[in-house]
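Below are the structure tokens for one structure; questions will follow.
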Amino acid sequence: MLMQSSVLFSSKPAWVKAQYSTSPVDSNPMAATVPGPKWAQKTITLPPHRRGCHLVTSQILKEIRPDLSEFKCGLAHLFLQHTSASLTINENYDSDVRDDTETFLNKIVPEGRSAPWKHTLEGPDDMPAHIKSSMFGCALTVPITDGKLNMGTWQGIWLCEHRDAPTARKVVVTLNGI
Amino acid sequence: MLMQSSVLFSSKPAWVKAQYSTSPVDSNPMAATVPGPKWAQKTITLPPHRRGCHLVTSQILKEIRPDLSEFKCGLAHLFLQHTSASLTINENYDSDVRDDTETFLNKIVPEGRSAPWKHTLEGPDDMPAHIKSSMFGCALTVPITDGKLNMGTWQGIWLCEHRDAPTARKVVVTLNGI
Amino acid sequence: MLMQSSVLFSSKPAWVKAQYSTSPVDSNPMAATVPGPKWAQKTITLPPHRRGCHLVTSQILKEIRPDLSEFKCGLAHLFLQHTSASLTINENYDSDVRDDTETFLNKIVPEGRSAPWKHTLEGPDDMPAHIKSSMFGCALTVPITDGKLNMGTWQGIWLCEHRDAPTARKVVVTLNGI
């Protein structure tokens, strides 16, 4: 039985709130069904992308939109199951921003003969890739509001591929909300 | 009906646990109402801050404390809807730490004529701001325990403003718990 | 009463879904009990580690495995209550990767007489430690699937200790799911 549920859009900032209670319920079989918290989880595969930063918002939404649309309020968690690529949120319009970010990453994480790395067995781009992965991180949590990812106007989801050889990348998506 | 709920403070580390079940319930109307999982979400606006790192814990708590206090156990998610500022958790006492962090960011992300950026239309501070945003990230998840953010003694929430022109910044706050 | 619950492993990628409803329930006391959303939270202490990056997956699992195993689908949140260490997810096999990452951090965050820091009262390693903490972050969220952390084959949880003096570090673990 839903004990309290108020969706307030009147004043800004207003809370959207819901509280569920498993208190004694009305035994009337005609009483309305009130949906409670939901969980949904699946693994999606992003196709190989060349080394660099890529806007993948639409690729991800294509996979999760129908389910996302069922959540009034919640959180979407994206988890990249790899250690040589990363997920980040950044500008969604000018591809120069993505190119410049790749330039930056290559500038501060040295690669090649002058680099001080011990871990070189998997190629000169591997150890730098691991470092870049921890710098940007492999996971994102984005608020869900009214069935959509509640990002800012200029925000998008980037997959940053740090290896030279393009590889398909798996992302575990977990949706939780009401 | 609550099937299992134990709050254990006896031994360290003890779990605080709660499990809800929508099993057949007692039809006795006098049975206690047991609150289930709750969600609360709102967008708050942080006023313009000058370029640099700023402690905003109290500004954020002022907006969310009454609602936060209703959660015994849960998670608070803060999501900055911008790509040229960031949120991070760091030292909450000495402002020199925040100044030194700004010094570091400016040191490793070059700005001005010597910088290699293609994206320059929005000013020399814009592309560095985007990079810094991905370095520190635009989102935080903090545990809620007994109605409070369960941060360490010396931890505070920082808003890092990476643009020269101070701008109001929106943060979507999502609270989830019991 | 469980209104909808389908665990689909047939096609890839398939959603694992569960939705709970507090609708009118069958009053038959023999009806099956259906567990709803669960929360579990506790603080664990990682013993002192020397400065550098350390694989702590097994140390953490040892503390949380029995409880983790009760979650079919959910999220595990790890929150380090400190500002001079960090948590990150990276390679779990070759210790050279961890050593090289420490080399990188020391390379880009200067320490000692040539460093520009104002905050020096707590030792030359303190201000660099704060910066490294914000670079890698103090929190992780990992998906839970079938009672386990759903990380990739090569992923592990690292504690990065940024101070010279090894210190025990507290991590608030919050599990949420079904």
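Worth saying up front: this structure is predicted, and the values here are computed from it rather than measured. All chains are named by letter (A, B, ...) in the order of the sequence lines, taking the proteins before the strands, and each is independently numbered beginning at 1.
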Do the two ring centres, one from C/H130 and one from C/H162, sit under 6.0 Å apart?
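No, the ring centres sit 6.0 Å or more apart.
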Is C/P128 close to chain B through its backbone or its side chain, or both, or neither, when contacts mean heavy atoms under 4.5 Å?
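Contact with chain B: none, neither part.
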Relative to chain C, which segment of B/I144 carries a heavy atom at a distance below 4.5 Å: side chain, backbone, both, or neither?
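Interface part for B/I144: backbone (N, CA, C, O).
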May I ask you to decide whether C/E111 forms a salt bridge with C/R51, counting only side-chain N to carboxylate O separations under 4.0 Å?
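Here C/E111 pairs with C/R51 in a salt bridge, since their nearest N and O are under 4.0 Å apart.
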Sort by residue number and list every residue of residues 83-99 of chain C having at least one heavy atom under 4.5 Å from chain B.
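Listed by number, the contacting residues are C/T83.
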Shortest non-hydrogen separation from C/T57 to C/G156 and the atoms involved
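In this case the closest contact between C/T57 and C/G156 is OG1-CA, 3.4 Å.
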Contact summary for C/Q41 and B/P143, nearest pair of heavy atoms
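That would be NE2-CB, 3.7 Å.
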What part of C/M127 is in contact with chain B, defined as an atom under 4.5 angstrom from a non-hydrogen atom: side chain, backbone, both or neither?
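Side chain only.
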Chain C: which of B/T141, B/T153, B/I108 shares the most heavy-atom pairs with it under 4.5 Å?
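Of the candidates given, the most pairs with chain C belong to B/T141.
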Taking the side chain as C-beta and beyond, is there a heavy-atom pair between C/K132 and B/F104 under 4.5 Å?
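No, every pair of side-chain atoms sits at 4.5 Å or beyond.
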Looking at C/S134, C/A115, C/A40, which makes the most heavy-atom pairs under 4.5 Å with chain B?
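Answer, by heavy-atom pair count under 4.5 Å with chain B: C/S134.
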Which heavy-atom pair separates C/F71 from C/G177 by the least distance, and what is that distance?
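The pair with the smallest heavy-atom distance is CE2-N, 3.4 Å.
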More than 12 foreign heavy atoms under 6.0 Å from NZ of C/K118: is that the case here?
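Yes.
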Using heavy-atom distances under 4.5 Å, tell me whether C/D126 contacts chain B through its side chain, its backbone, both, or neither.
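The answer is neither part of C/D126.
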Do B/W158 and B/H54 touch side chain to side chain, with heavy atoms closer than 4.5 Å?
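No. Closest side-chain heavy atoms not under 4.5 Å.
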Minimum heavy-atom distance B/R163-B/E161, with the two atoms named
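Heavy atoms of B/R163 and B/E161 come nearest at N-OE2, 3.1 Å.
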What pair of heavy atoms forms the shortest contact from B/I44 to B/V173, and how long is it?
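Looking at all heavy atoms of both residues, the shortest contact is CD1-CG2, 4.0 Å.
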Side chains of C/Q59 and C/H49: do they bring a donor and an acceptor to under 3.5 Å?
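There is such a pair between these side chains.
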Distance-only, no hydrogens or angles: does the C/D125 side chain make a donor-acceptor pair with backbone N or O of C/D164 under 3.5 Å?
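Side chain of C/D125 to backbone of C/D164: a pair is present.
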Sub-4.5 Å heavy-atom contacts with chain C: which residues of residues 74-81 of chain B show up?
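Only B/G74, B/L75 of residues 74-81 of chain B have a heavy atom under 4.5 Å from chain C.
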